[in-house]
Protein chains: 2
Amino acid sequence: MSAANNNEKEVTIYDIAAALNISAATVSRGLKNHPAIRQTTKDRIFAQAERMGYRFNTFARNLRTKRTYTIGVIVPRLNSMFMSDVLAGMEKISNEAGYELIISQSLETMEKEKKNAATMFNNRVDGVLVSLAYTTTDIDHFRRFIDKNIPLIFFDRAFEHPHCPNVVIDNHKAAYEMTTHLIRQGCRRIVHIAGHLNRDVYALRLKGFQEALADNGITFDEDALIVNNLGIADGVLAAQHMLSLPERPDAVFAANDTCAVACMQELKRNGLRVPDDVRVAGFNNDPIATVVEPNLTTIDYRGHEMGEVAAKTLINLLNGVGDLQAAAIVLRHHLIIRDSTQRKKLTEHENKNN
Amino acid sequence: MSAANNNEKEVTIYDIAAALNISAATVSRGLKNHPAIRQTTKDRIFAQAERMGYRFNTFARNLRTKRTYTIGVIVPRLNSMFMSDVLAGMEKISNEAGYELIISQSLETMEKEKKNAATMFNNRVDGVLVSLAYTTTDIDHFRRFIDKNIPLIFFDRAFEHPHCPNVVIDNHKAAYEMTTHLIRQGCRRIVHIAGHLNRDVYALRLKGFQEALADNGITFDEDALIVNNLGIADGVLAAQHMLSLPERPDAVFAANDTCAVACMQELKRNGLRVPDDVRVAGFNNDPIATVVEPNLTTIDYRGHEMGEVAAKTLINLLNGVGDLQAAAIVLRHHLIIRDSTQRKKLTEHENKNN
DNA sequence: CTGTTAGCGCGTTCAA
DNA sequence: TTGAACGCGCTAACAG
């Protein structure tokens with residue numbers, strides 16, 4: 001039926017046991033370096049296994065042990081440098097600990113996210129790492145993991161839940177800093193472009209933005225808030241909205257770089273000078289931020305670190321290390337200023353847990 | 001030991017068989033919609049399964065059937081819109097056919113690619129979809145798949161092998177068209193920035209470039225070829241190289257958009273006007289191409305389609321449909337001209353197999 | 001249309 | 001230090 005059918009029989013521990021005139025149990029133990037097996041016997045087992053081209057059967061083991069040594073990862077999209085870094089970090093830690101990753105993208109919809117979660121559940125992943133989609137409103141589709149005590153960790157686009165650790169940055173603070181920076185540059189009419197507000201990252205960034213305004217005696221105007229999907233088209237529309245306002249804004253702070261860049265381009269196409277007429281700020285420090293002119297002021301946080309920390313936290317839970325209680329692990333971020341002639345890092349925040 | 005240990009016993013087909021006073025075999029058949037089971041029986045089985053919270057055990061099935069319904073995917077990096085699209089296409093087709101994807105990135109090194117291949121092999125994937133890393137020089141690490149008759153398909157960055165179908169675009173033709181376009185615009189001293197030439201995509205693009213020059217009576221100059229990693233830094237260096245040449249080039253055609261954009265920026269920083277002094281062309285139609293100013297002329301080909309076709313080809317092989325012989329499936333590409341005032345699609349090439 | 005039987009390859013008692 | 005025997009949960013004959 002299948003073109004993949006191999007006619008050659010797969011070699012098992014029985015085969016190598018027979019060849020060595022010992023029992024399969026001994027082979028099984030020898031292969032996993034069981035202390036109660038004589039070294040010489042182990043050597044013979046390994047040599048014979050090598051000779052016969054033996055390969056370990058994961059499924060038989062999973063069937064017995066009821067663990068899969070597999071971690072499920074669900075992300076919104078795989079198209080950013082940030083996500084690529086996150087996954088590389090996760091893969092590094094996981095593989096070192098003997099785990100494999102199953103990666104899938106929700107494409108920003110809760111519907112797909114549900115399917116992915118179901119798939120992972122059926123594949124009996126030992127744990128799950130999730131960054132939520134735009135349209136996700138609740139996490140009922142993850143309830144089965146929680147009920148079964150399967151560790152579930154949210155990273156970046158997180159969700160507060162008593163059983164689910166979060167690995168995030170301080171979005172509130174980052175946005176506060178960015179807004180404060182713009183204000184210090186003399187901006188007073190600052191527009192904020194936010195993503196779906198049911199995602200904590202965007203709600204928090206908005207909150208940080210508003211608080212910075214308030215702390216500087218600037219009233220928040222309803223017109224100064226745009227909520228959209230943070231895509232290229234959204235950035236263009238946002239710019240047009242800005243241009244249509246009675247009082248022209250003197251700055252825009254978008255919740256991601258893609259949108260900030262698209263917005264900047266459209267503003268420039270309409271004759272505004274950046275940063276003289278209007279300053280533009282983004283979030284994420286995507287490579288695109290250094291490509292636009294002028295380069296984009298933005299918030300940097302390293303995905304690799306976030307991936308490593310998330311994976312490490314999960315594996316600790318799997319090994320029974322660390323508490324089962326939810327904890328928010330807050331990683332560093334940097335404000336990267338590129339709208340002056342000088343580029344420099346302004347601040348650096350240490351991990352709150354230190 | 002593990003925090004994931006569930007104390008509640010997992011429900012099996014035996015449990016639901018017992019509850020229904022039928023045999024486990026019937027349950028097994030009913031669950032997979034076997035035609036030889038009465039509908040009413042099926043209904044009872046499904047209802048009972050639902051009631052008892054049954055979940056299918058993949059491993060037991062894998063152990064029996066020796067198939068995993070899993071497809072391995074190895075890509076260089078997960079950071080481009082193109083790759084994201086490819087994977088979405090693959091996931092769509094695969095899931096429809098009941099397969100899951102295991103995705104991993106080689107991070108452009110053969111070493112990591114080898115590890116990934118080994119992991120996939122040990123996880124007994126039914127088939128593999130690969131786009132090769134920069135530094136890969138041979139495909140010995142895939143030999144075990146080939147020897148075992150496990151379908152292996154290369155896409156985009158392909159490799160010719162009698163047993164491995166390729167899913168690609170006509171890179172030679174695309175580069176030829178791009179170069180011809182530049183020549184028609186009046187360019188005579190065109191620089192080409194290529195990636196590692198052991199990757200067919202870059203070797204073929206170079207060849208198409210050179211052939212277009214030849215066909216238009218332009219001699220190829222050694223100075224006009226730059227080979228690098230096609231990153232941002234490489235684009236900057238390429239621009240500096242161009243500026244240092246005795247005769248200043250009037251065009252540059254890079255093998256990807258990232259590098260083209262970086263190069264363009266550096267040229268502009270050095271006072272050149274684009275496209276008046278120098279025209280810039282890229283490859284891939286990455287979103288970044290519409291962000292730089294002026295927008296980048298480039299080659300477009302849709303990743304989603306490539307992912308779908310690659311997955312479909314693989315699944316056909318797994319189902320014994322289609323020939324085992326290698327075949328190159330060549331998908332369409334489009335030359336997207338953005339260095340004139342008018343934007344338009346110039347040509348459209350149909351799938352060669354049609 | 002349904003039941004019986006016999007493994008898939010491995011880990012893990014319990015004995016020796 | 002090693003072996004015998006059983007079962008993890010499911011599917012594929014073969015019977016009826």
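Chain letters run A, B, ... following the sequence lines, proteins first and then strands; every chain starts at 1.
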* Asked: Taking all non-hydrogen atoms of both residues, which atom of A:Y134 and which atom of A:E108 are closest, and how far apart?
  -> N-OE1, 2.9 Å

* Asked: If you look at every strand shown and take non-hydrogen atoms under 4.0 Å, does B:S28 touch a base, only sugar-phosphate, or nothing?
  -> base

Identify every side-chain donor-acceptor pair in residues 97-104 of chain A under 3.5 Å, counting partners at least two apart or on other chains, and give the distances.
unit_1	atom_1	unit_2	atom_2	d
A:Y99	OH	A:R67	NH2	2.7
A:S104	OG	A:N116	ND2	3.4

* To the nearest Å, how far apart are B:L63 CG and D:dG7 P? -> 16 Å

* Side-chain donor/acceptor contact of B:R61 with base of D:dG9 under 3.5 Å -> no

* Determine whether B:M306 and B:F82 make a side-chain contact, defined as any pair of heavy atoms from C-beta on separated by less than 4.5 Å. => yes

* **Atom-to-atom span, CG of A:N62 to P of C:dT12 - whole angstrom** => 13 Å

* Between the axis at one end of the helix from C:dC1-D:dG16 to C:dA16-D:dT1 and the axis at the other (five pairs apiece), what's the angle to 10 degrees? -> 30°

* Are A:D200 and A:R157 close enough for a salt bridge, meaning some N to O gap below 4.0 Å? -> no

* Would you indicate what A:F56 reaches in the nucleic acid, counting non-hydrogen atoms under 4.0 angstrom: base, sugar-phosphate, or nothing? => sugar-phosphate

* To do: Would you kindly compare B:T26 and A:N57 by the position of their nearest DNA chain C nucleotide and give the one closer to the 5′ end?
  => B:T26

* For C:dG11, take OP1 and OP2 only and decide whether either is under 4.0 Å from a side-chain N or O of A:K66. => no

* Would you mind telling me which residue lines up with the more 5' stretch of DNA chain C, B:Q39 or A:Y54, judged by nearest nucleotide? => B:Q39

* Check A:P151 against A:L318 and note the closest heavy-atom contact, atom names and distance. => CG-CD2, 3.8 Å

* Asked: Whole Å only: how far is the CG atom of B:L31 from the C1' atom of D:dG9?
  -> 12 Å

* Phosphate contact (D:dA12 OP1 or OP2) by B:T65 side-chain N/O below 4.0 Å -> no

* Aromatic ring pairing B:F142/B:F145, orientation class (parallel under 30°, perpendicular over 60°, tilted between) -> tilted

* Structure fact -> Taken to the nearest whole Å, CD1/B:I16 to C1'/C:dG3 is 15 Å

* **Rounded distance in Å - NZ (B:K32) to C1' (C:dC1)** => 17 Å

* **Any A:S23 side-chain N or O less than 4.0 Å from OP1/OP2 of D:dT2** => no

* Lys/Arg N to Asp/Glu carboxylate O, B:E10 vs A:R124, below 4.0 Å -> yes

* Asked: Hey, does B:I13 reach any base, or is it just sugar-phosphate, or nothing, if we go heavy atoms under 4.0 Å?
  -> base

* **Closest non-hydrogen atom pair, B:P165 against B:T313** => CB-CG2, 4.4 Å

* Asked: Starting at OH of A:Y69 and ending at P of C:dC10, how long is that distance when rounded to a whole Å?
  -> 16 Å

* To do: Measure the distance from CD1 on A:I22 to P on D:dG3 and round it to the nearest whole Å.
  => 6 Å

* To do: Would you please classify the geometry between the B:F159 ring and the B:F154 ring as parallel, tilted or perpendicular, with 30° and 60° separating the classes?
  => tilted

* Measure from the side-chain heavy atoms of A:A60 and tell me the nearest of C:dC10, D:dT2, D:dC8. => C:dC10

Please produce a list of atom pairs where a protein N or O lies less than 3.5 Å from an N or O of nucleotides 13-15 of chain D.
unit_1	atom_1	unit_2	atom_2	d
D:dA13	N6	B:R29	NH1	3.4

* Atom-pair distance (OH on B:Y14; P on C:dG3), nearest Å -> 13 Å

* With DNA chain D as reference, determine whether B:R64 or A:H34 sits nearer its 5' end, using the nearest nucleotide of each. => A:H34

* Asked: Which heavy atom in B:S94 sits nearest to a heavy atom in B:A311, and how many Å separate them?
  -> OG-CB, 4.0 Å

